[in-house]
Asks: 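Structure provided below as structure tokens; questions to follow.
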2 protein chains.
Amino acid sequence: MSQSPPDLYQVKEKMYVATDCIIFGFDAGRLKLLLFKRELAPLVGEWSLIGSFVRLDEDLDIAAKRVLKNTTGLENVYMEQLKSYGKKDRDPGYRCISVAQFALIRLEDHDEKLVEEHGAHWHDIMKLPHLILDHQEMVQDALERIRQKARFQPIGFELLPEKFTIPQLQMLYEAIYQKELDSRNFRKKLMALNVLVKLDEKDKSGSKRGAFLYKFNNGNYQKLLKSGYNFEIA
Amino acid sequence: MSQSPPDLYQVKEKMYVATDCIIFGFDAGRLKLLLFKRELAPLVGEWSLIGSFVRLDEDLDIAAKRVLKNTTGLENVYMEQLKSYGKKDRDPGYRCISVAQFALIRLEDHDEKLVEEHGAHWHDIMKLPHLILDHQEMVQDALERIRQKARFQPIGFELLPEKFTIPQLQMLYEAIYQKELDSRNFRKKLMALNVLVKLDEKDKSGSKRGAFLYKFNNGNYQKLLKSGYNFEIA
DNA sequence: CCAAAAGTGTTGGTAATACACCCATGG
DNA sequence: CCATGGGTGTATTACCAACACTTTTGG
């Protein structure tokens, strides 16, 4: 803001297209968002989402995947376009529209060193710092979309390790909806869906007794979708 | 994102940003879509959505409203961004991403002459012609969004005249979901919401007996929203 | 042995579905 | 007077929400 580029006038004659990634993770019972501390002017030291201009020879979704890979090392994760943000003055430097896309990743899988190199940190979504431009709005919209979506699709599984316990899954849903759920009802509804496979192992990290691990059965889920079921969990 | 723009943007061809409008109406028990017959090369004679490039000094949503006003004469109608389409080869002429936005309009209100001048026609959504580029995909995505949305919000009212009958409203929902509904149950659920105001007039166009006209009570709807109700109708 | 989390069933109320007949009227 | 669509009620079922105690085991 303080340092407009010298060729501001020229730059404003062009429409730029960027993509910003809203990267969610889940850890220790909390929904987390990956944010970046800007190291360059303008807006040094401010937090933002990570983004990039879309290349001329690149599909929109490929651009977002490139950004995600560069910053987390991850490929083949759940990613979905949210919407585009295009107020004419949203970026003081350029006339730029941004296509926001959100990703759900398994925290355990990502490349921590790479993330650090980029000046990135995971923030609890309930305690977000101030974000530049309209990034705050993007994050709120993404949360809303996830809540909406989780009602009918088991997207929660994208955020958990491959093997997870029921209490973990419940905590995730509680984090998404910011609401406590009854463990008996949660378990009941979940089991009725028949999309979980119980394993023989237990995870003892959360309690002395240990909780059984499960994995997601995608085949059964696809069947369920075809038969027209819907997933409302909260 | 305000980072320094890569040089290739200055030198090479531009990235264009367009917006396409998916305009829905409802008439004679049918959901309709407004389509335009191209009068210029390339793709003369093919059907398409109506769109425009987004101006440099124009918000994204303003661009869509401008297009809508130009072609239908309408302002202040329900309009919502769907998503952006950005495959690198989606348009053979330019590198162009398109932000699709859909509108729900009251057919009776629109300017028929203006629409005709633009070579536009209303098409039954069940009998759409072939559309250029990725416009078919946009329409399908928009229908999906409307179905999803109509489950929790009374968007149907945007498509009906201010005064409408219950059977009309039911036909609209049947058109949206492509599914027959039981008139007793439909009425019951609807009345329980307490968002309709019964008028003293009847509409006799649909039957000899005539059906009572109602209007939508937005105040009650807002209250309902706050109290956390949801609208699932089909 | 006890703290801390995992796991388990029942019940009452509410909402969804299925279903069939009478009403009002214009032609 | 009859064809056409408008309008109404009930019984059954399925689902949701509320609720409290027992189990396991590491420390």
Side-chain angles (χ1 to χ4, degrees), chain A residues 27-30 150-152 160-161 163-175 177-215 224 227-234, chain B residues 27-30 150-152 154 160-161 163-175 177 179-215 224 227-234:
Chain A
D27 189 35
R30 297 288 184 163
R151 301 180 66 158
F152 302 107
L160 290 173
K163 300 174 184 180
F164 53 88
T165 68
I166 308 288
Q168 275 171 1
L169 186 58
Q170 180 175 343
M171 278 193 299
L172 172 55
Y173 274 90
E174 289 177 337
Y177 291 115
Q178 289 297 307
K179 178 176 158 183
E180 291 199 356
L181 302 174
D182 180 284
S183 67
R184 285 165 291 191
N185 294 337
F186 182 80
R187 216 171 258 270
K188 206 187 310 167
K189 228 186 288 193
L190 202 63
M191 290 310 177
L193 297 179
N194 196 31
V195 294
L196 296 188
V197 182
K198 189 174 187 171
L199 304 175
D200 273 337
E201 314 162 59
K202 279 190 168 191
D203 169 16
K204 297 219 167 192
S205 66
S207 73
K208 324 209 151 162
R209 180 178 176 181
F212 276 103
L213 287 162
Y214 290 78
K215 58 181 190 180
L224 205 55
S227 70
Y229 194 86
N230 91 36
F231 265 89
E232 212 146 346
I233 290 213
Chain B
D27 188 37
R30 297 287 184 162
R151 301 179 65 158
F152 302 107
L160 290 173
K163 300 174 182 179
F164 53 86
T165 68
I166 307 289
Q168 274 171 1
L169 186 57
Q170 180 174 343
M171 278 194 298
L172 172 55
Y173 274 89
E174 289 177 335
Y177 291 115
K179 176 175 156 183
E180 290 199 357
L181 303 173
D182 180 284
S183 67
R184 285 164 292 191
N185 295 336
F186 182 80
R187 216 171 259 271
K188 206 187 310 169
K189 227 185 292 189
L190 202 63
M191 290 309 177
L193 297 178
N194 195 30
V195 293
L196 296 188
V197 182
K198 187 173 186 171
L199 305 175
D200 273 338
E201 314 163 57
K202 281 192 166 187
D203 169 16
K204 298 220 168 190
S205 66
S207 71
K208 323 209 150 159
R209 180 178 176 180
F212 276 104
L213 287 162
Y214 290 78
K215 58 181 189 180
L224 204 56
S227 70
Y229 194 85
N230 89 37
F231 264 90
E232 212 146 344
I233 291 216

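The analysis underlying the following values was restricted to heavy atoms, covering all of them including side chains, and did not include hydrogens, waters or symmetry mates. Every chain is numbered from 1, with letters handed out A, B, ... down the list of sequences.
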Asks: I need the CG-C1' distance between B/Leu196 and D/dG7, as an integer number of Å.
Replies: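 It is 15 Å, rounded to the nearest whole Å.
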Asks: side-chain contact (heavy atoms from CB on, under 4.5 Å) with B/Asn185: which residues, sequence neighbours excluded?
Replies: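 B/Asp182, B/Lys188.
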Asks: Can you tell me the distance, in whole Å, between the CZ atom of B/Phe164 and the C1' atom of D/dG6?
Replies: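 Rounding to the nearest Å, CZ of B/Phe164 and C1' of D/dG6 are 16 Å apart.
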Asks: From NZ of A/Lys189 over to P of C/dT8, roughly how many Å is that when rounded to an integer?
Replies: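 Taking atom P of C/dT8 as the reference, NZ of A/Lys189 is at 18 Å.
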Asks: Test of understanding: with side-chain contact (heavy atoms from CB on, under 4.5 Å), list the residues that count as partners of A/Lys163, not counting sequence neighbours.
Replies: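 So A/Lys163 forms a side-chain contact (heavy atoms from CB on, under 4.5 Å) with A/Leu199, A/Glu201, A/Leu213.
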Asks: Expressed in angstrom and rounded to an integer, what is the separation of A/Met171 atom CE from C/dA5 atom C1'?
Replies: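 So the CE-C1' distance, A/Met171 to C/dA5, works out to 11 Å.
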Asks: Could you state the CZ-P distance from A/Phe212 to C/dA5, rounded to the nearest angstrom?
Replies: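 So the CZ-P distance, A/Phe212 to C/dA5, works out to 19 Å.
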Asks: When you compare the protein's N or O atoms with those of nucleotides 23-27 of chain D, which come within less than 3.5 Å of each other, and at what distance?
Replies:
{"from": "D/dT23", "atom 1": "O2", "to": "A/Arg209", "atom 2": "NH1", "distance (Å)": "2.5"}
{"from": "D/dG26", "atom 1": "OP1", "to": "A/Lys204", "atom 2": "NZ", "distance (Å)": "3.3"}

Asks: Kindly write out the residues that satisfy salt bridge (Lys or Arg N to Asp or Glu O under 4.0 Å) with B/Arg209, not counting sequence neighbours, or none if the list is empty.
Replies: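 Counting only residues at least two positions away or on another chain, B/Arg209 forms no salt bridge (Lys or Arg N to Asp or Glu O under 4.0 Å).
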Asks: Check ring-ring contact (aromatic ring centres under 6.0 Å, His included) between B/Phe152 and all other residues, then give those that pass, not counting sequence neighbours.
Replies: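 B/Phe152: ring-ring contact (aromatic ring centres under 6.0 Å, His included) contacts with A/Phe152.
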Asks: With sequence neighbours left out, write down each residue that passes salt bridge (Lys or Arg N to Asp or Glu O under 4.0 Å) with B/Glu174, or none if nothing qualifies.
Replies: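 Checked B/Glu174 against salt bridge (Lys or Arg N to Asp or Glu O under 4.0 Å); zero matches.
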Asks: Anything under 3.5 Å between a protein N or O and an N or O of nucleotides 8-15 of chain D, put it in a table, one pair a line.
Replies:
{"from": "D/dT10", "atom 1": "O4", "to": "B/Lys188", "atom 2": "NZ", "distance (Å)": "2.9"}

Asks: Among all residues two or more places apart in sequence or in another chain, which pass the side-chain contact (heavy atoms from CB on, under 4.5 Å) test with B/Arg187?
Replies: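 For B/Arg187 the side-chain contact (heavy atoms from CB on, under 4.5 Å) partners, ignoring immediate neighbours, are B/Ile166, B/Pro167.
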